[in-house]
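Just so you know, these numbers come straight off a predicted model, no measurement behind them.
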Amino acid sequence: MANEDYIPPIEFTPAGATPDEQASTLKIVEPSPGYPAVARLIAEAIQRESFTTVLDYTAQQVTLRFQIDGLWHAGAPQDREAGDFMLATLKKIAGLDYRERRARQEGNFTTLFQKIKQKVRVVSQGIKTGERVAIYLDWKRPVMETAEQLGMRATMIKQLSQILENPQTGLILVSAFPSEGYTAAWRGVLSVCDRLTRDYYVIEEAQEVEAEVINVNSVPFDRSKGQNAMTPITQLLLKQPDVLAFNELPDATTINSIVELSVNKKLPIFVRAPGKHALDSVLRLLALKPNVAEFVQRLDAVVSMRLVRKLCEKCRISFVPHPSLLQKLGLPPGRIGELFKPNVFKPGTLNDKEEEIQPCTKCHGIGYKGRTGIFEMLLLNDQLRQALLQTPRLDKLMAIAQASRHISLQQEGIVLVARGLTSIEELQRVLKV
């Protein structure tokens with residue numbers, strides 16, 4: 001967006017009921033002073049694969065942010081006058097009233113740029129400091145359906161499969177952070193199940209039904225009608241399900257009912273709850289004050305996932321780690337010759353020929369491209385169950401897990417660092433280690 005005369009080769013299909021209306025809008029906006037800036041803005045959002053782009057209007061200027069792989073990155077700010085011309089054009093293309101700066105408005109249009117067709121949603125809303133405009137791109141990316149695609153190691157997949165094949169298995173808790181792979185982790189773990197020879201059902205609120213997992217049947221209930229997760233169970237049990245899944249645990253009553261169901265019907269049951277790591281998710285559920293003794297006795301395993309950004313393979317920088325760093329990470333010094341770090345673009349940096357170094361064309365100078373999951377699987381043993389009953393302190397629980405040779409999220413993440421998939425800095429950012 002630095003060259004104000006440049007207009008990228010992007011095609012707009014504005015909002016409109018008919019092609020004539022759309023053509024009429026284009027005839028109005030293309031000569032307008034704000035059109036080049038809109039074209040550059042949308043093209044940049046597409047090039048950078050931004051899911052959400054936000055414009056914040058204040059009295060003096062317009063700030064720009066791109067959400068890429070879950071993180072916000074600042075764009076080049078604009079002066080208010082140029083920003084107003086751009087916004088008027090953007091609203092016109094989206095079918096909004098460009099004169100309205102306070103009330104919430106929402107509109108849509110489509111684009112074609114670099115052979116990528118995009119649906120674009122624009123939402124504007126007046127705020128205390130001025131106006132905020134959010135631009136959402138509808139990326140049609142392949143859904144990561146399986147645990148393997150999400151990054152779960154083959155040995156963990158095999159171990160999880162063995163747990164699922166055990167007819168004595170009780171509860172399996174799946175945890176992740178909301179808005180950070182919460183749904184993906186759930187889908188990934190369910191994908192490990194043998195859904196061809198066994199009947200799986202997931203009980204979920206009718207207004208919050210998630211994307212279908214192949215061969216996992218959805219059983220909705222409607223909370224607005226006074227129903228809860230247990231409402232469909234009586235009829236569902238007539239179908240003799242092999243495995244059940246509940247994708248939310250809102251209160252102690254629900255937890256107790258699910259535990260009772262698992263015990264009485266000898267059913268393996270998947271449940272989901274938020275958490276930073278496996279033990280954190282268990283403690284969060286205990287804070288709801290269910291019947292702790294019965295819950296921990298029936299809980300067999302916790303599978304937790306966090307998402308980290310992957311280093312850009314095109315521009316990542318290798319370095320020879322100091323032995324003290326390898327020791328801190330728990331990596332054998334003789335086997336790790338190099339690690340990698342991101343190549344973050346810094347404007348004004350010169351090469352040996354005194355030429356300004358340009359940002360990487362793949363990651364656009366961020367240093368990362370895409371994300372992958374870090375998984376841990378905690379197996380409940382008698383020592384952990386006893387500690388959860390008597391002294392459910394995180395430090396003691398972690399010590400017991402470590403003594404049981406549990407591989408933590410941090411240790412799993414270090415494996416990704418050693419493989420050059422992510423950086424130490426990224427691991428520290430996500431896990432706060």
Side-chain angles (χ1 to χ4, degrees), residues 1-68 72-140 179 207-208:
M1 297 177 69
N3 185 347
E4 296 183 1
D5 296 324
Y6 172 66
I7 301 178
I10 185 170
E11 298 178 16
F12 290 97
T13 303
T18 66
D20 287 343
E21 285 185 24
Q22 295 165 348
S24 176
T25 298
L26 280 178
K27 189 176 274 190
I28 294 171
V29 299
E30 285 180 338
S32 69
Y35 181 80
V38 169
R40 291 192 297 269
L41 172 65
I42 302 301
E44 184 177 6
I46 294 172
Q47 285 178 321
R48 301 185 70 172
E49 299 186 20
S50 172
F51 277 78
T52 307
T53 302
V54 172
L55 299 163
D56 275 316
Y57 282 74
T58 65
Q60 292 77 31
Q61 66 172 6
V62 183
T63 58
L64 173 63
R65 292 177 295 149
F66 298 96
Q67 188 187 47
I68 304 167
W72 290 100
H73 300 271
Q78 293 191 21
D79 65 78
R80 180 58 190 260
E81 183 179 6
D84 283 343
F85 282 125
M86 179 177 68
L87 182 56
T89 303
L90 179 65
K91 286 185 174 181
K92 184 67 177 177
I93 294 174
L96 307 180
D97 182 357
Y98 68 89
R99 295 161 297 189
E100 177 58 67
R101 305 297 297 264
R102 301 305 303 170
R104 187 181 190 278
Q105 296 189 84
E106 182 173 339
N108 301 272
F109 59 87
T110 60
T111 64
L112 180 63
F113 180 61
Q114 295 180 338
K115 298 182 180 180
I116 299 174
K117 191 172 184 180
Q118 274 283 356
K119 289 182 180 179
V120 183
R121 181 165 63 95
V122 179
V123 178
S124 67
Q125 172 72 63
I127 56 177
K128 287 184 178 180
T129 55
E131 185 176 12
R132 175 167 292 167
V133 181
I135 302 168
Y136 302 93
L137 299 184
D138 184 23
W139 288 101
K140 296 300 183 183
S179 76
Q207 305 303 317
E208 300 170 5

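- A distance of 10.5 Å separates CD1 of I93 from OG1 of T110, quoted to the nearest 0.5 Å.
- Under a 3.5 Å cut-off, the side chain of E21 and the backbone N or O of A15 do not form any donor-acceptor pair.
- With values rounded to the nearest 0.5 angstrom, Y136 atom OH is found 13.0 Å from D138 atom CG.
- Taking 4.5 Å as the limit, every side-chain heavy atom of D79 sits out of range of all side-chain heavy atoms of Q61.
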* After noting the C-alpha distance and the side-chain angles of L55 and M86, does the key distance pass the side chain to side chain contact (heavy atoms under 4.5 Å, CB included) rule? -> CA-CA 11 Å; L55 299 163; M86 179 177 68; 4.0 Å; yes
* Could you please spell out the steps behind the side chain to side chain contact (heavy atoms under 4.5 Å, CB included) verdict for L87 and Y57? => CA-CA 10 Å; L87 182 56; Y57 282 74; 3.1 Å; yes
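- Between F51 and W139, the ring planes are tilted. Angles from 30° to 60° get that label.
- One distance of note links OG1 of T89 with OH of Y98; it measures 10.5 Å at 0.5 Å rounding.
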* Asked: How far apart are the C-alpha atoms of F113 and Q47, what are their side-chain angles, what is the distance that settles it, and do they pass the side chain to side chain contact (heavy atoms under 4.5 Å, CB included) test?
  -> CA-CA 9 Å; F113 180 61; Q47 285 178 321; 3.6 Å; yes
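- Proximity of W72 to V54: side-chain heavy atoms (C-beta onward) are separated by under 4.5 Å at one or more points.
- Between P8 and A39 the shortest heavy-atom distance is CG-O, 3.4 Å.
- Looking at R80, its side chain does come within 3.5 Å of a backbone N or O of T58 through a donor-acceptor pair.
- Two residues are said to be in side-chain contact when any heavy atoms from C-beta on lie closer than 4.5 Å; I135 and L90 meet this criterion.
- Atoms OG1 and CG, from T53 and L41 in turn, are 6.0 Å apart once rounded to the nearest 0.5 Å.
- Contact of the F12 side chain with the E30 side chain is not registered, since no non-hydrogen atoms from C-beta on lie closer than 4.5 Å.
- To the nearest 0.5 Å, the span separating CD1 on I10 from CD on E44 amounts to 11.5 Å.
- Here the CD atom belonging to Q114 is positioned 10.0 Å from the CG atom belonging to L112, to the nearest 0.5 angstrom.
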Report, one line per pair, each donor and acceptor closer than 3.5 Å where one atom sits in a side chain of residues 120-134; sequence neighbours left out.
residue	atom	partner	partner atom	Å
R121	NH1	E106	OE2	3.4
Q125	NE2	R102	O	3.1
E131	OE1	R101	NE	2.3
E131	OE1	R101	NH2	3.0
E131	OE2	K91	NZ	2.7
R132	NE	D56	OD1	2.6
R132	NH2	D56	OD1	3.3
R132	NH2	D56	OD2	3.4

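- At least one side-chain heavy atom of D97 sits under 4.5 Å from a side-chain heavy atom of Q105.
- Remark: side-chain polar atoms of R48 are not paired, donor with acceptor, to backbone N or O of I68 under 3.5 angstrom.
- For the pair F85 and P33, the tightest heavy-atom approach, listed with the atom from each and the gap, is CD2-CG, 3.6 Å.
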